[in-house]
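Some notes on the structure that comes next.
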Amino acid sequence: MVITRFAPSPTGYLHIGGLRTALFSWLWARKNGGKFLLRIEDTDLSRNSEDALKAILKAFDWVGLNYDGDVVYQSQRFDVYKDYIAKLLQEGKAYKCYMTKEELDALRAKQEAKGERPRYDGRYRDFCGEPPAGVEPVIRIKAPREGFIEFNDGIKGDIKIAASEVDDFIIARSDGTPTYNFVVAIDDYEMGLTDVIRGDDHLYNTPKQLVVYNALGFKPPKFYHVAMINNEKGKKLSKRDGALDVMEYKKAGYLPEALINFLVRLGWSNGDQEIFSIEEMIELFDPKNINKSASSYNLDKLLWLNAHYIKNSSNEKLVELLKDFGVDLENSDKIDAILNATKQRAKTLVELANEINKILNTPKEYDEKAIKKAFKGEALTIIKDFVELLKSSDSLNSKEDYHEVMQKLVEQKEIGFGKLGQPLRVALLGSMSGPGLDEVMYIIGLDEVEKRVKNIENFLKG
RNA sequence: GGCCCCUUCAUCUAAUGGUUAGGAUUCAUGGUUUUCAUCCAUGCCAUAGGAGUUCGAAUCUCCUAGGGGUCACCA
């Protein structure tokens, strides 16, 4: 049984780095028919974990990640941690340290001044004397003083860290609350985790957590440390780089499958394959194929994937999605015509909505260059004649019907298609680009075509 | 600064001692299209640098450089 987890600290939203590690963990659990658990690391009581959890679940829900069992809150497990602390104290594997924060700061400053690595000097490690009055002690765990702490990382291979790098770190603050590295080890053990996939930034926490595992006699899980995601310049991702919050991608018009596909390929690959359905990801994912090096995210590729998924979405699905972007086609009788005309040219749902509005709404203004280029010579007469020809046609029930009329006019007048198409396009859409005119006309209908041609006639006169 | 990790086209990556170093995105060019986009084709572009080991190195070793992480009574 493979059991993985996602264990965010409550920061208020889920960012894309977190989503990627969550995705990796989720995929690995699902692939193996295991469990994916969710735990909120809220030992720091000053943060609101309810809101943070809601934000995370909202994002999970959007991208389609689900978790098993109940959410574990560390803030509700303090009794458990207390028992373990008492046990370690009793067994002499942890001890009370009466050094005050001020003394600790002073020690650190002194060590730094000497160019040494700041670390606790172990002065209370074997203390048996009379404790100083008025000092609430912290609890420190006894870390090995010699040798190495070693483990095998599923991504980076064998990691060996000198014991001198790990001091007797604090497992309980002077107010009695336990600290991060201590509770993580306990929870990961008690939740039965077999595989811990997390960010690279936790690599140095691992030896500390191993000290806890060791002291408690727990068998540690397999660790996988995934390298960070950098921004497009190869630097650390920060709020300045834009959408860190996963839900921002929803607002920007990305499809969840595009974002997930994008993220799974950031640091992981399966040969040359670029497009993965969720089912394929589950089938193919293996952490052994996760890259060791950090990756930069590249908006162009995400955009390309998003365009791909829009193009390949069903029209029914797009109708639903577009509702969030101010376009409601539910009651339209031309859904397929509208979406088939537009979904090829949109990279995001925002763009798709704009494309649709451009067709559906009578243009309020015209592109100046387009006017100049398209309305030379007989252009206005040509499109007016075209409208007359449309009116005399007996059937206009498909884009093909409209196309035939266009064809007929061009032949009658012995002109190139562009002589009709360019001015007509500007009249109908306000600019020189857009979907096929036969499609546009079929969508908006004869009356609207006539109206738009009249509009541009008035515009040109005025 | 100490310690640890990392380094293949601009970007994501493939190639686990033998390939003309492959694919994708971007970009450029051409085709298709009345236009734009799509689509198709073609092209440009990389093993950070230096020493070894080896018949043979992107791949193994060492050094250098660069990037990142971490050194809390935060998580």
Side-chain angles (χ1 to χ4, degrees), chain A residues 7-11 41-44 46-47 74 97 99-101 104-105 108 112 115-120 136-140 153 155-157 159-162 164-167 169-181 183-184 199-207 225 227-228 230 232-236 262 265-275 289 291-305 307 311 341-347 351 355 370 373-374 406 410 416-426 429 431-438:
Chain A
S9 58
T11 54
E41 317 235 296
D42 55 353
T43 51
D44 183 355
S46 57
R47 293 176 184 170
Q74 292 186 325
C97 169
M99 212 171 163
T100 63
K101 218 173 169 183
L104 204 50
D105 288 342
R108 218 189 324 271
E112 275 172 2
E116 288 170 5
R117 181 185 124 75
R119 72 195 302 280
Y120 176 65
E136 281 301 321
V138 299
I139 314 291
R140 290 182 180 272
D153 187 278
I155 295 167
K156 296 184 188 290
I159 305 286
K160 187 175 173 183
I161 288 163
S164 58
E165 292 295 315
V166 180
D167 59 11
F169 62 93
I170 292 170
I171 58 173
R173 304 180 182 94
S174 45
D175 66 1
T177 58
T179 61
Y180 174 76
N181 280 304
V183 298
V184 166
D200 212 345
D201 49 342
H202 287 288
L203 191 68
Y204 250 67
N205 286 325
T206 308
H225 289 95
M228 304 278 93
N230 292 329
E232 288 172 282
K233 295 184 190 81
K235 297 288 180 189
K236 193 178 176 179
F262 173 70
R265 282 286 288 106
L266 228 46
W268 176 81
S269 60
N270 179 63
D272 284 344
Q273 189 170 353
E274 296 287 348
I275 306 288
N289 293 330
N291 223 339
K292 287 178 173 186
S293 54
S295 40
S296 303
Y297 96 147
N298 170 240
L299 197 63
D300 283 329
K301 195 143 189 177
L302 174 57
L303 240 18
W304 171 73
L305 280 165
K311 262 176 282 186
T342 50
K343 70 180 181 187
Q344 299 296 324
R345 45 177 42 76
K347 286 192 162 67
E351 284 181 20
E355 284 288 329
K373 193 167 177 203
M406 290 178 82
V410 197
F417 228 112
K419 290 279 184 209
L420 167 64
Q422 287 195 349
L424 186 58
R425 175 173 297 285
V426 179
L429 299 172
S431 73
M432 289 287 263
S433 65
L437 293 172
D438 45 5

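Here is the naming used below: chain letters follow the sequence lines, and residue numbers restart at 1 for every chain. These values consider heavy atoms only, across backbone and side chains, with no hydrogens, waters or symmetry-generated copies.
- Rounded to a whole angstrom, the distance from the C1' atom of G49(B) to that of A28(B) is 31 Å.
- Following rounding to the nearest Å, Asp300(A) (CG) and A28(B) (P) show an atom-to-atom distance of 12 Å.
- Ranked by how close their nearest RNA chain B nucleotide is to the 5' end, Val138(A) and Gly434(A) are led by Gly434(A).
- Rounded to whole Å, the distance from CZ on Phe417(A) to P on U32(B) is 16 Å.
- Annotation: C55(B) and U16(B) have their P atoms spaced 22 Å apart (nearest Å).
- Comparing G66(B) with A24(B), their P atoms sit 35 Å apart, to the nearest whole Å.
- Between the side chain of Arg140(A) and the backbone N or O of Asp167(A), no donor-acceptor pair lies under 3.5 Å.
- Spacing between atom CG of Leu420(A) and atom P of U34(B) amounts to 12 Å, rounded to whole angstrom units.
- Here the side chain of Arg265(A) pairs no donor or acceptor atom with the backbone of Glu274(A) at under 3.5 angstrom.
- G1(B) and G23(B) have their C1' atoms separated by 43 Å, given to the nearest Å.
- Judged by distance alone, with hydrogens and angles left aside, Ser174(A) brings a side-chain donor or acceptor within reach of the base of C73(B), the pair sitting under 3.5 Å.
- Salt bridge status for Asp200(A) with Lys156(A): present, with a side-chain N to carboxylate O gap under 4.0 Å.
- Nucleotide U7(B) forms a pair with A65(B), judged by Watson-Crick or G-U wobble geometry with both contacts under 3.5 Å.
- Pair check for U20(B) finds none; no Watson-Crick or G-U wobble contact set falls under 3.5 Å.
- Between U19(B) and A46(B), the two C1' atoms lie 15 Å apart (nearest whole Å).
- Nearest-nucleotide positions on RNA chain B for Lys311(A) and Trp304(A) put Trp304(A) closer to the 5' end.
- C60(B) and G52(B) make up a base pair, with Watson-Crick or G-U wobble contacts both under 3.5 Å.
- Of the inter-residue distances, the one linking Gln74(A) atom CD with Tyr180(A) atom OH reads 8.0 Å to the nearest 0.5 angstrom.
- Taking the side chain of Ile170(A) as heavy atoms from C-beta on, and the options C73(B), A24(B), C4(B), the nearest nucleotide is C73(B).
- Shown here, U32(B) forms no base pair; nothing in the strands shown gives a Watson-Crick or G-U wobble contact with both key distances under 3.5 Å.
- With U7(B), U34(B), U11(B) as the candidates, the nucleotide lying closest to the side chain of Ser296(A) is U11(B).
- The phosphate of A72(B) has OP1 or OP2 within less than 4.0 Å of a side-chain N or O from Arg108(A).
- In a base pair of the Watson-Crick type (N1 to N3 plus N6-O4 or O6-N4) or a G-U wobble (N1-O2 and O6-N3), with each distance short of 3.5 Å, G1(B) is matched with C71(B).
- When heavy atoms are screened at a 4.0 angstrom cut-off, Gly418(A) is found touching the sugar-phosphate backbone but no base atom.
- Looking at Ile275(A) and Leu305(A), their side chains come closer than 4.5 Å, going by heavy atoms from C-beta outward.
- Side chain of Arg425(A) to main chain of Pro435(A): a donor-acceptor pair is present (N/O by atom type, distance under 3.5 Å, no hydrogens or angles).
- Rounded to a whole Å, the NE2 atom of His225(A) is 15 Å from the C1' atom of C6(B).
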Completion exercise
Going 5' to 3' through nucleotides 64-69 of chain B and flagging B where a protein heavy-atom sits under 4.0 Å of the base, S where only the sugar-phosphate is that close, and - otherwise, we get ---SSB
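- Rounded to a whole Å, the CE atom of Met432(A) is 10 Å from the C1' atom of U34(B).
- In this structure, Gly416(A) reaches neither bases nor backbone, as no heavy-atom distance under 4.0 Å exists between it and the strands shown.
- With hydrogens and angles ignored, the 3.5 Å screen pairs no side-chain donor or acceptor of Gln344(A) with any backbone N or O of Ala346(A).
- Contact annotation for Pro8(A): no contact, since no heavy-atom pair falls under 4.0 Å across all strands.
- At the phosphate of U11(B), neither OP1 nor OP2 sits under 4.0 Å from any side-chain N or O atom of Ser295(A).
- Side-chain contact between Asp153(A) and Leu203(A) is present, with at least one heavy-atom pair separated by less than 4.5 Å.
- The NZ-P distance, from Lys292(A) to U16(B), rounds to 14 Å in whole Å.
- Across C5(B), C6(B), G2(B), the shortest atom-to-atom separation from the side chain of Arg117(A) is found for G2(B).
- Across the C1' atoms, G52(B) and G17(B) are found 16 Å apart, a figure rounded to whole Å.
- Distance from the side chain of Arg265(A) is smallest for U13(B) among the nucleotides U35(B), G2(B), U13(B).
- Other residues, nucleotides and ligands contribute only 12 or fewer heavy atoms inside 6.0 Å of the NZ atom of Lys347(A).
- For Arg345(A), whose side chain is taken as the heavy atoms from C-beta onward, the closest listed nucleotide among U7(B), C36(B), G22(B) is C36(B).
- Taking the side chain of Ser269(A) as heavy atoms from C-beta on, and the options G2(B), U13(B), A24(B), the nearest nucleotide is U13(B).
- Under a cut-off of 6.0 angstrom, the local environment of CD in Glu136(A) is sparse, with at most 12 non-hydrogen atoms contributed by other residues, nucleotides or ligands.
- Between U47(B) and A15(B), the distance separating the two C1' atoms is 11 Å to the nearest Å.
- A heavy-atom distance below 4.5 Å is not found between the side chains of Tyr120(A) and Ile170(A).
- Side chain of Asn291(A), nearest nucleotide from U13(B), A72(B), U34(B): U13(B).
- Using a 4.0 Å cut-off, no side-chain N or O of Lys101(A) falls inside it from OP1 or OP2 of C73(B).
- The base of G1(B) has none of its N or O atoms less than 3.5 Å from a complementary donor or acceptor on the side chain of Glu116(A).
- Atom CD in Glu165(A) sits about 15 Å away from atom P in U70(B), given to the nearest Å.
- When rounded to the nearest whole Å, the span between CG of Leu437(A) and C1' of C36(B) equals 11 Å.
- A donor N or O paired with an acceptor N or O is not found under 3.5 Å between the base of A75(B) and the side-chain atoms of Asp42(A).
- Using atom C1' as the reference point in both U20(B) and C45(B), the two lie 16 Å apart (nearest Å).
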